Amino acid sequence: MRILLVEDEKALSAAVCKVLRQEKYEVDPAYTGPDGLDRAELGIYDAVILDVMLPEMDGFTVLRRLRQGGSKIPVLMLTARSSLEDRVRGLDSGADYYLPKPFQMAELLACLRAITRRGDSAPQMELSFAGVSLDAGSAKLRCEATGQEVKLGAKEYQLMELFLRNPKQIIPKELITERVWGMDSEAEYNNLEVYVSFLRKKLAFIGAAVKLKATRGLGYALEEDA
Ligand code: CA
């Protein structure tokens, strides 16, 4: 498996390269946005680890151009900031996963395994948060503590997937609507609210210790139920 690492901090880049090589990945470093984009477009990599703050072209722009060019390569974004704005921009630009700095190498490896496991033909990746998991194959939402599970409808699945990929972050209503119903959709926000209420009922049904917290005027966040 061949990984492209786009990170301008030389010490961090060297440390990540070393760990990835120990784990038997092949890894090539790039240190600027344009160089990263050029290499990513070669089509020889299985995944890209992409920093946000880069010289000449930031990570968001690199990712957006890569996606505009039709590349579906899995991208793990690194960000020093865990601000809402950054995360929304990352989601919008087409990132598969977000890892805020500073991170543990074990976390980085786990994220990398998660995004590269997902194949085009057989997406078997399981997303989970706080003991709640969603299986891509069966579309079943499961609570580990109770062993209960429930099948989700297509829109419910897309919604839950979005929340599980971005736990503990407020995801704006506009972004959710655009992601699940599409940009040209007639879907109103109350449609979203209806589906959120379906999901809440299903989460309660399986005994999940998580909640979909609404923040007035902003959006929803998947949180652990204290
Ligand atoms: Ca940087």
Side-chain angles (χ1 to χ4, degrees), residues 1-118 125 127 129 162-172 174-175 178-179 218-219 221-222:
M1 189 151 304
R2 197 178 184 108
I3 310 295
L4 174 65
L5 172 65
V6 192
E7 165 63 78
D8 60 313
E9 290 164 53
K10 294 275 164 65
L12 180 59
S13 173
V16 171
C17 282
K18 189 176 166 205
V19 169
L20 291 180
R21 282 171 189 145
Q22 279 167 357
E23 296 292 318
K24 310 296 178 210
Y25 288 99
E26 285 181 67
V27 52
D28 296 328
Y31 304 103
T32 68
D35 186 34
L37 180 60
D38 283 350
R39 283 163 180 265
E41 283 177 334
L42 292 174
I44 60 169
Y45 295 102
D46 298 291
V48 181
I49 301 172
L50 181 62
D51 190 31
V52 168
M53 303 295 283
L54 289 168
E56 297 170 54
M57 185 193 292
D58 70 24
F60 295 123
T61 308
V62 171
L63 181 55
R64 207 173 50 245
R65 295 205 182 163
L66 193 57
R67 293 296 185 235
Q68 278 166 355
S71 172
K72 290 187 170 65
I73 190 168
V75 174
L76 171 61
M77 285 205 97
L78 305 177
T79 174
R81 292 171 293 173
S82 58
S83 76
L84 172 65
E85 191 197 349
D86 269 16
R87 280 156 190 275
V88 171
R89 285 185 70 193
L91 282 169
D92 269 344
S93 319
D96 293 86
Y97 223 103
Y98 238 103
L99 187 61
K101 287 178 179 177
F103 52 82
Q104 303 287 318
M105 288 298 179
E107 252 184 306
L108 177 76
L109 290 171
C111 289
L112 198 54
R113 278 194 295 271
I115 65 168
T116 54
R117 202 184 294 139
R118 186 202 58 183
M125 180 182 165
L127 290 155
F129 171 70
L162 189 58
F163 285 122
L164 285 171
R165 279 186 190 277
N166 304 278
K168 296 196 273 189
Q169 299 168 34
I170 297 169
I171 311 178
E174 293 82 353
L175 179 67
E178 185 186 308
R179 279 275 164 137
L218 272 177
L222 179 66

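In this text, all values refer to a predicted model and were calculated from it rather than measured experimentally. Only heavy atoms go into these numbers, but all of them, side chains included; no hydrogens, no water, no symmetry mates. In each ligand, atom 1 is the first atom listed, and ligand 1 is the first ligand listed.
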With a 4.5 Å cut-off on side-chain heavy atoms, are [Y] and [X] touching?
X: Leu12; Y: Lys101; value: yes
X: Leu63; Y: Val48; value: no
X: Val6; Y: Val62; value: no
X: Leu78; Y: Leu108; value: yes

Lys/Arg-Asp/Glu bridge criterion (N-O < 4.0 Å) met for Arg67, Asp96: yes
The Ca ion (ligand 1) - number of protein N/O/S atoms closer than 3.0 Å: 3
Any side-chain donor near an acceptor of the partner, Asp28 and Tyr45, under 3.5 Å: yes
